[in-house]
Amino acid sequence: MSKNKLLLSSLLIGGLVQAQEFQPMGFDSMGMGGAGVANAKGSIAGYYNPALLAKQRYDSEISLNLGIGLRENNLIDNMDQLGDEANDLSGTMDTLADNFEGPLNASTKSNITNIQTILGSIGEGNGVQIMPAGSFSVQAGSYNIGLYVTGSLDASMVVDPNKLDLIIKKDIAGTTLYSEYDLTNDTWSTPTTDATEYEARSLEYALDNNEIAVELSGLSLIEVPVSYAYTIPLGDSTIDVGGSLKLMKGTTYNQLISPDEDTDDFDDKFEASEVETSTFGLDLGLLYSPTKTVDVGFVAKNLNSPEFDIYQSTEKVTIDPMARIGMVYRPLGENVDIAFDYDLTKNDTTIEGIKSQYFGGGINFRPASWVSLRVGAMKNTAYDEEGDIFTAGVGFGLKWFQFDLSAQQSTDKGYYDGDEIPKYTKINFSLISRW
């Protein structure tokens with residue numbers, strides 16, 4: 001198995017996959033710590049909070065957004081090492097079987113030590129999550145229609161930590177025998193015909209039965225919402241109410257693949273697990289404006305808990321309702337936004353054991369109609385391993401045709417091939433037209 005082959009095959013297969021979390025989307029919010037429930041007015045309002053359509057800045061707005069993100073937890077470097085020829089997993093197990101009851105050379109012993117150390121360090125909650133996102137949406141007055149694509153391809157390593165011992169099965173003269181290799185003393189135990197310990201502790205057994213394997217799973221989600229909002233006057237204050245009825249097409253992926261399998265077959269096997277389901281979803285939003293400079297927003301997404309089928313399973317992927325609140329303060333009118341958002345629900349991601357519940361905010365400064373500058377930060381309060389995530393963005397160009405670039409990056413780092421990589425990062429490019 002060549003270096004990086006297993007890793008790259010695991011990450012580049014298939015299409016979009018959905019993580020069941022409130023992903024940052026679009027231009028303003030990406031650079032402001034993900035805040036958007038009270039301030040993402042215009043064409044992106046149908047995603048963040050349809051009630052914002054009642055407070056649009058422009059009569060009409062069109063936007064195209066393209067983004068990609070990565071979340072990593074204790075997997076990339078370990079899979080890279082397992083793909084290294086010095087830690088040849090399949091070759092080492094074959095050598096053990098070929099030398100049943102015989103001595104091993106120093107190279108094979110070193111490989112065994114490295115492999116057991118790597119597999120033992122992977123642990124639960126490991127994974128790599130690639131998160132593409134994109135949208136094309138149009139806002140006209142208090143109406144909005146859009147096409148939103150969110151996804152997350154998850155590759156993780158399934159490892160049973162109780163099955164890392166070197167018990168080997170061998171058929172000799174029509175009898176199946178089991179013997180355990182002692183790495184320290186370079187000796188084998190007396191062969192036995194009892195398979196109990198083999199099935200309970202053996203690394204060879206775990207590999208042959210997908211108890212140590214690469215798992216690929218996720219859900220790509222295409223949403224087409226039609227959104228509308230209206231205002232209820234309350235003396236000097238107002239409440240805006242909005243809703244989105246959306247068509248939803250979800251594609252689930254679920255495949256368990258042996259690390260020893262020929263990676264040329266990964267594409268076909270992953271695509272074979274693809275299952276498409278069409279349904280609908282309902283989002284509702286509120287925006288309370290006690291003064292002209294303060295808005296407080298609330299949104300509940302997927303209130304009907306949309307469900308999607310899974311390959312060869314009677315179970316379904318359910319997208320649970322997500323709720324988020326936000327607030328924006330405009331000390332200088334429309335020239336400056338100071339906004340914050342917080343997830344009221346603890347949401348799933350496609351990496352098992354990692355939850356998503358973000359608190360974040362930032363500042364959007366618009367010194368002129370042709371430029372906007374944004375900075376912010378956010379924190380996953382349900383998962384400490386990402387650290388703080390800093391965000392920034394810039395938009396420039398004429399009002400009717402503007403470019404925008406935003407990025408997010410965590411302070412905590414992982415490793416790949418000896419180099420540091422952020423555990424969470426995202427980038428988004430947008431084109432916006434307003435009139």
Side-chain angles (χ1 to χ4, degrees), residues 1-11 74-123 126 155-215 256-266 414-419:
M1 189 181 299
S2 64
K3 181 179 176 69
N4 300 332
K5 191 176 182 184
L6 177 61
L7 172 66
L8 293 175
S9 298
S10 298
L11 297 182
N74 198 34
L75 183 66
I76 288 183
D77 196 51
N78 286 314
M79 288 185 69
D80 179 51
Q81 292 183 55
L82 285 175
D84 196 305
E85 292 180 2
N87 306 313
D88 186 355
L89 180 58
S90 58
T92 299
M93 298 309 297
D94 289 343
T95 300
L96 270 173
D98 292 341
N99 288 273
F100 189 75
E101 296 190 270
L104 301 178
N105 60 38
S107 176
T108 301
K109 291 179 183 179
S110 176
N111 286 356
I112 291 171
T113 300
N114 292 341
I115 289 168
Q116 289 180 321
T117 300
I118 294 167
L119 291 176
S121 68
I122 289 178
N126 73 83
S156 60
M157 193 80 172
V158 180
V159 178
D160 186 341
N162 299 312
K163 295 184 177 179
L164 300 179
D165 294 330
L166 305 173
I167 306 175
I168 303 300
K169 179 175 73 172
K170 193 79 171 181
D171 291 325
I172 298 177
T175 301
T176 301
L177 298 176
Y178 305 91
S179 184
E180 182 172 2
Y181 175 69
D182 182 341
L183 180 63
T184 303
N185 298 310
D186 193 17
T187 58
W188 291 83
S189 66
T190 302
T192 175
T193 58
D194 186 358
T196 303
E197 291 299 307
Y198 177 73
E199 295 177 1
R201 298 191 290 113
S202 171
L203 175 58
E204 181 184 68
Y205 179 85
L207 287 169
D208 291 343
N209 291 274
N210 280 340
E211 294 179 17
I212 292 179
V214 177
E215 184 177 20
L256 200 63
I257 301 171
S258 169
D260 293 329
E261 190 155 358
D262 186 348
T263 54
D264 292 339
D265 298 333
F266 276 23
Y415 294 91
Y416 173 60
D417 200 20
D419 297 322

Mind checking side chain to side chain donor-acceptor pair (under 3.5 Å) for [X] and listing every partner two or more places apart, or none if nothing turns up?
| X | answer |
| --- | --- |
| T176 | D171 |
| Y178 | none |
| Y205 | none |
| N185 | D182 |

Just how far is it from atom [atom1] of [X] to atom [atom2] of [Y], taken to the nearest 0.5 Å?
| X | Y | atom1 | atom2 | value |
| --- | --- | --- | --- | --- |
| I122 | T117 | CD1 | OG1 | 11.5 Å |
| I112 | L183 | CD1 | CG | 5.5 Å |
| L96 | L203 | CG | CG | 8.5 Å |

* To do: Answer yes or no: are there more than 12 heavy-atom neighbours, outside K109 itself, under 6.0 Å from its atom NZ?
  => yes
* Asked: What heavy-atom pair brings D208 and Y198 nearest, and what distance separates the two atoms?
  -> OD2-OH, 4.2 Å
* **Member of I172, T190, I168 meeting the side-chain contact (heavy atoms from CB on, under 4.5 Å) criterion with L177** => I172
* To do: Go through the side-chain N and O atoms of S107 and N105 and say whether any donor and acceptor fall under 3.5 Å apart.
  => no
* Would you find a donor on one side and an acceptor on the other, under 3.5 Å apart, between the side chain of S189 and the backbone of S179? -> no
* Hey, does the side chain of E204 reach the backbone of M93 with a donor-acceptor pair shorter than 3.5 angstrom? -> no
Going by atom type alone, with no hydrogens or angles, which donor-acceptor pairs under 3.5 Å involve a side-chain atom of residues 159-166 and a protein atom two or more places apart or on another chain?
| from | atom 1 | to | atom 2 | distance (Å) |
| --- | --- | --- | --- | --- |
| D160 | OD1 | N162 | N | 3.0 |
| K163 | NZ | E199 | O | 3.2 |
| K163 | NZ | E211 | OE1 | 2.3 |
| K163 | NZ | E211 | OE2 | 3.3 |
| D165 | OD2 | R201 | NH1 | 2.7 |

* To do: In sequence, state the C-alpha distance, the side-chain angles, and the governing distance for T95 and N111, and then conclude on side-chain contact (heavy atoms from CB on, under 4.5 Å).
  => CA-CA 11 Å; T95 300; N111 286 356; over 6 Å; no
* Worked check of side-chain contact (heavy atoms from CB on, under 4.5 Å) between Y181 and N99 -> CA-CA 10 Å; Y181 175 69; N99 288 273; over 6 Å; no
* List in chain and number order the residues that pass salt bridge (Lys or Arg N to Asp or Glu O under 4.0 Å) with K170, two or more places apart in sequence or in another chain; answer none if no residue qualifies. => none
